[in-house]
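What follows is a short report on a single structure.
Just so it is clear: chains get the letters A, B, ... in the order the sequence lines come, proteins before strands, and each one is counted from 1. Here the structure is a predicted model, which means the values were calculated and not measured.
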Protein chains: 2
Amino acid sequence: MKVLSQTSKYGIRALLYVVSHPGTGQFVSIGEIAKELNLSFHFLTKIFRELTNKGILHSYRGPAGGIALAKPADQIKLVDIVLALEGDDYFDNCLLGFPGCGVEKPCPVHNFWKGIRSEIKSHLLNTSLAQLGEKIVAEEVRLYD
Amino acid sequence: MKVLSQTSKYGIRALLYVVSHPGTGQFVSIGEIAKELNLSFHFLTKIFRELTNKGILHSYRGPAGGIALAKPADQIKLVDIVLALEGDDYFDNCLLGFPGCGVEKPCPVHNFWKGIRSEIKSHLLNTSLAQLGEKIVAEEVRLYD
DNA sequence: CATATTTAAGAGTATTAATTCTTAATTAAT
DNA sequence: ATTAATTAAGAATTAATACTCTTAAATATG
């Protein structure tokens, strides 16, 4: 069940690293994150570029540069990251692939899937980077392979 | 949100066609299904081959041949089709892609995702082709684009 | 100004999923 | 037997995703 692309998975993991490792400077370098999480530096750079373009991150070039959250961590929700990286129509899917599946022309599993989708969406909408970062710091959950 | 592969989507739709169109003969030809549902004949043949190999369908070659359900439609559940086509580890995924995510080493969203996965699985486990076929025949839901 | 450090941009490559194509095998009817 | 209708098998192609590489631009420091 591949619900998120690698791009989204890496993006979320990388931002969770950022919120759970408050460094000394204003920016965290992509190289550090890639090394710590064992992700491809170039791939991560591309992902962060997208998040920067979408206004979720700020970036700064040069020595001591890197990326930083554009907003406080409790104001960035998982849904923001997912929509930025997967596209705004991420939650508009039909489980069986029917175009324009909806109340007027429902597919055979429309009602079921509508409920699941809505649960997922509302959970991602209610989960902030700050919340998950706290759980990581408290070592209740893991961030590394 | 791509939860099912095209293979699974087409497979389910095709079997729903079968249960909602009781033909005169014992077997339904793949050509008819492909034509009616506007799916690629060759692709559908490949999908059915897999379902036949997994024991969900029977097939018969030659004139008036085709495929037929190997069991009564109320005994074939959506989960059977999905597991046959996506693999038995379909429900073992971690939303964030951590290997071996589980209670011992949970990822930051493990509990949430575990719940969703279990809801999806139990619904697919409790939904038979017969049930959905009835809704299609009653025209409560659609089977065509 | 020269150099080192860092992100930006996007071209290029590799891997996987989706689809198409070709040939063979099976069966029924004539 | 021959032909037509069908599925079986798997190679070949195309498309999408994932990842890598190269070059450019920005910035800090000596």
Would you say a side-chain N or O of [X] is under 4.0 Å from OP1 or OP2 of [N]?
X       : N      : value
A:Ser5  : D:dT17 : no
B:Ser59 : D:dA8  : yes
A:Gln6  : D:dT17 : no
B:Thr7  : C:dA17 : no
A:Ser40 : D:dT20 : yes

Distance check needed: [N] [atom2] versus [X] [atom1], whole Å only.
X       : N      : atom1 : atom2 : answer
A:Ile47 : D:dA18 : CD1   : P     : 9 Å
B:Leu85 : C:dA17 : CG    : P     : 14 Å
B:Asn53 : D:dA8  : CG    : P     : 8 Å
A:Ile67 : D:dA26 : CD1   : C1'   : 17 Å
B:Phe48 : D:dA9  : CZ    : C1'   : 17 Å
B:Lys46 : C:dA18 : NZ    : C1'   : 8 Å
B:His42 : D:dA12 : NE2   : P     : 16 Å
B:Leu44 : C:dA18 : CG    : C1'   : 14 Å

(request) Would you give a per-nucleotide map of nucleotides 24-30 of chain C, 5' to 3', where B means the base has a protein non-hydrogen atom under 4.0 Å away, S means only the sugar-phosphate does, and - means neither? (result) -BBBS--
(message) Quick check on the hydrophobic clustering: are A:Leu125 and A:Leu15 connected, directly or via other members, by side-chain heavy-atom contacts under 4.5 Å?
(response)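 A:Leu125 clusters together with A:Leu15.
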(message) Strictly by Watson-Crick or wobble contacts shorter than 3.5 Å, is anything paired with C:dA28, and which nucleotide is it?
(response)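 Paired with C:dA28, as far as the under-3.5 Å criterion goes, is D:dT3.
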(request) Report yes or no: does B:Asn126 contribute a side-chain atom to a donor-acceptor pair with the main-chain N or O of B:Ser122 at less than 3.5 Å? (result)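 Present.
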(request) For the residue pair A:Leu39 and A:Tyr17, establish whether any side-chain heavy-atom pair is separated by less than 4.5 Å. (result)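 SC-SC contact between A:Leu39 and A:Tyr17 ruled out.
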(request) Side-chain contact test, heavy atoms from C-beta onward, threshold under 4.5 Å: evaluate it for A:Val141 versus B:His110 and give yes or no. (result)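 Not touching, per the 4.5 Å side-chain cut-off.
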(request) From the options D:dT20, C:dA8, C:dT20, select the nucleotide whose nearest atom is closest to the side chain of A:Thr52. (result)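 Side chain of A:Thr52 sits closest to C:dA8.
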(message) I want to verify a distance call: between D:dC21, D:dA11, D:dA8, whose nearest atom is closest to the B:Thr45 side chain?
(response)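 Of D:dC21, D:dA11, D:dA8, D:dA8 is nearest to the side chain of B:Thr45.
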(message) According to salt bridge (Lys or Arg N to Asp or Glu O under 4.0 Å), who are the partners of B:Asp145, at least two apart in sequence or on a separate chain?
(response)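 Salt bridge (Lys or Arg N to Asp or Glu O under 4.0 Å) check on B:Asp145 returns B:Arg13.
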(request) Quick one: sort the B:Phe27 and B:Tyr60 rings into parallel, tilted or perpendicular, breaks at 30° and 60°. (result)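 Judged by the thresholds at 30° and 60°, the geometry between B:Phe27 and B:Tyr60 is parallel.
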(request) Please work out whether the ring planes of B:Phe112 and A:His123 are parallel, tilted or perpendicular, with thresholds of 30° and 60°. (result)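 Rings of B:Phe112 and A:His123: parallel, as their planes differ by under 30°.
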(message) Hydrogens and angles aside, do B:Ser128 and B:Gln131 bring a side-chain donor and acceptor to less than 3.5 Å of each other?
(response)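 Short answer, yes.
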(message) Reading DNA chain C from 5' onward, which residue's closest nucleotide shows up sooner: A:Lys2 or A:Arg49?
(response)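 Between the two, 5'-proximity favours A:Arg49.
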(message) Does A:Phe41 reach a base, just sugar-phosphate, or nothing at all? Heavy atoms under 4.0 Å.
(response)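 Touches a base.
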